**Student:** 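Have a look at this one.
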Amino acid sequence: MRLSRYFLPVLKENPSEAQIVSHRLMLRAGMIKQSAAGIYSWLPLGFKVLRKIEDIVHEEQARAGHIAIQMPTLQSADLWRESGRYDAYGEEMLRFQDRGGRDMLYTPTAEEMVTDIFRAHVSSYKDLPLTLYQIQWKFRDEIRPRFGVMRGREFYMKDGYNFDLTKEDALHAYNRHLVSYLRTYERMGLQAIPMRADSGPIGGDDTHEFLVLAETGESEVFYDSAVTDLSFGDRAIDYDDVAQCAGVLEEFTSKYARTDETHDPALFEAVPEERRRVARGIEVGQIFYFGTKYSEAMGAVVQGPDGKQVPVHMGSHGIGVSRLLGAIIEASHDDNGIIWPEGVTPFHVGIVNLKQGDDEADAACEKLYKSLEAAGLEPLYDDRKERAGGKFATMDLIGLPWRITVGPRGLKNGVVELTSRRTGESEEMSPKDAVARIIDIYAPHKSHTSEHWEPMARQSFHTWL
Ligand code: ATP
Ligand code: MG
């Protein structure tokens, strides 16, 4: 993309309505525009990152054997009356009537809708296990929408639902989700710690929330610092392997890590004092096992191997896709702007032309731009007739992890400059070497991704539907 033709409405001033850094930077970098309290338009740069995050979620869901569907945002109240949640849900549910006077609502989650699909089409245990998921807009009329996309009223969520014959199978589905979520967040450059949580209005027995540590997080968290040493890395996982998934769960959840809702001071005391941490965190996901709560209420039964009709065991599993943009920025920024992890960056590399209009500089930039595109990468070329300082400030603000700076002086010596946004370190090299370095950095086997992700890298999520 050439910046002169892009739509990147950056703000010079700090927006006064933004209380936390991610909200401020998303507005300043022209990623979102508020249209009403907690409701946003996604401008090109923000939309691009949202899609990158969504792609990763789809890829990891596909890898775990989960199947994508799309359910409507507008749902009939009758379905929710069957489960009893139409009355129980409260003020967060946006309710309205259609022209025929029928009660409708905007989906805050979709247990009822997916259970309705299941009971219409599945009647035998032979069709199990089954996990259906979607990535879809949700609406919750939050009492205090704030912090930009972090606590919106309209927000984008991955919600998945498992259907299993037995509690044991459903617990495997739970573990499988935990493992796939660990991979998902790591690919986004995030450490999200699974913490024992409270089930809230969805209701359930087993539940973990995934929290990203950040000073601006809304939840108070208590944990053993040993949990922050764990990383999923590029280990191979067979999602059908019950023992292996259970082993990962054990590894990542056996140390003390809880939110304030489930915090147990006595148990916390048992953690060696030097490892006890009290901090704040952002909830970026949650997994639940809730048994037969919805299947019994709504008649989602299958015929078991013995011929008897039994209600299926279910769980639901959510990732806050739009909230993740805020969480990533909270975890990765500096005074000058955002620092995107390579896995989610909107463009792979920025090209800054220090002297637009200089024949040699223009030609070198064009060549870099075309070579990078030919390699399947997305460069953002700042081809505007602007001062170098302004171009650098924009690149730093929008946070591309790498920048190639091209100027007449360097070109006389046959070099351009490659700069890391994270470390600020620059290196001079030939344009050809700079292209090779960028290609290598984004090669699928590199740190931001792993060998096992290789076959799926660079593909659009549409492939996985
Ligand atoms: P919270 O406790 O933050 O209100 P929740 O526990 O009610 O969230 P879930 O039902 O678990 O939310 O939804 C799954 C995920 O969706 C959450 O982990 C969170 O990342 C995201 N999410 C929930 N509410 C919002 C919101 N208002 N704005 C943006 N993301 C949200
Ligand atoms: Mg939650």
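Residues: numbered from 1 along the sequence shown. All figures in this text were calculated on a predicted structure; none of them were measured in a lab. In each ligand, atom 1 is the first atom listed, and ligand 1 is the first ligand listed.
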**Student:** Could you check whether atom CD of E13 has more than 12 heavy atoms from other residues, nucleotides or ligands sitting under 6.0 Å from it?
**Tutor:** no
**Student:** According to the interplanar angle, ranging from 0 to 90°, do the rings of F252 and F232 count as parallel (below 30°), tilted (30 to 60°) or perpendicular (above 60°)?
**Tutor:**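 Tilted, since the angle between the ring planes falls between 30° and 60°.
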**Student:** Just let me know how R151 lines up against ligand 1, side chain, backbone, both or neither, with a heavy-atom cut-off below 4.0 Å.
**Tutor:** both
**Student:** At a non-hydrogen distance cut-off of under 4.0 Å, which region of R140 contacts ligand 1 (side chain, backbone, both, or neither)?
**Tutor:**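 For R140, only side-chain atoms sit under 4.0 Å from ligand 1.
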**Student:** Counting both backbone and side chain atoms, is some N or O of R153 under 3.5 Å from an N or O of ligand 1?
**Tutor:** no
**Student:** Would you check whether G285 has a nitrogen or oxygen atom less than 3.5 angstrom from a nitrogen or oxygen atom of ligand 1?
**Tutor:** yes
**Student:** Heavy-atom pairs closer than 4.0 Å: do any link ligand 1 to the side chain of V149, the backbone, both, or neither?
**Tutor:**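 Only the backbone of V149 comes within reach of ligand 1.
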**Student:** Between R146 and E218, is the closest basic N to carboxylate O distance under 4.0 Å?
**Tutor:**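 A salt bridge links E218 with R146.
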**Student:** Got an N/O contact under 3.5 Å between E283 and ligand 1?
**Tutor:** yes
**Student:** I want to know if ligand 1 touches G152 in the polar sense, i.e. an N/O pair below 3.5 angstrom.
**Tutor:**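 Yes, at least one N or O pair falls under 3.5 Å.
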**Student:** Around the Mg ion (ligand 2), list the protein N/O/S atoms within a radius below 2.8 Å, excluding water molecules.
**Tutor:** E283 OE2, Q286 OE1
**Student:** Check if T109 has a non-hydrogen atom at a distance under 4.0 Å from any atom of ligand 1.
**Tutor:** no
**Student:** Can you tell if the side chain of L8 reaches within under 4.5 Å of the side chain of I398, non-hydrogen atoms only?
**Tutor:**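 L8 reaches I398 side chain to side chain.
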**Student:** For R323, which part has a heavy atom under 4.0 Å from ligand 1: side chain, backbone, both, or neither?
**Tutor:**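 For R323, the contact with ligand 1 is made by the side chain alone.
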**Student:** Anything under 30° is parallel, anything over 60° is perpendicular, the rest tilted; go ahead and classify H263 against F268.
**Tutor:** perpendicular
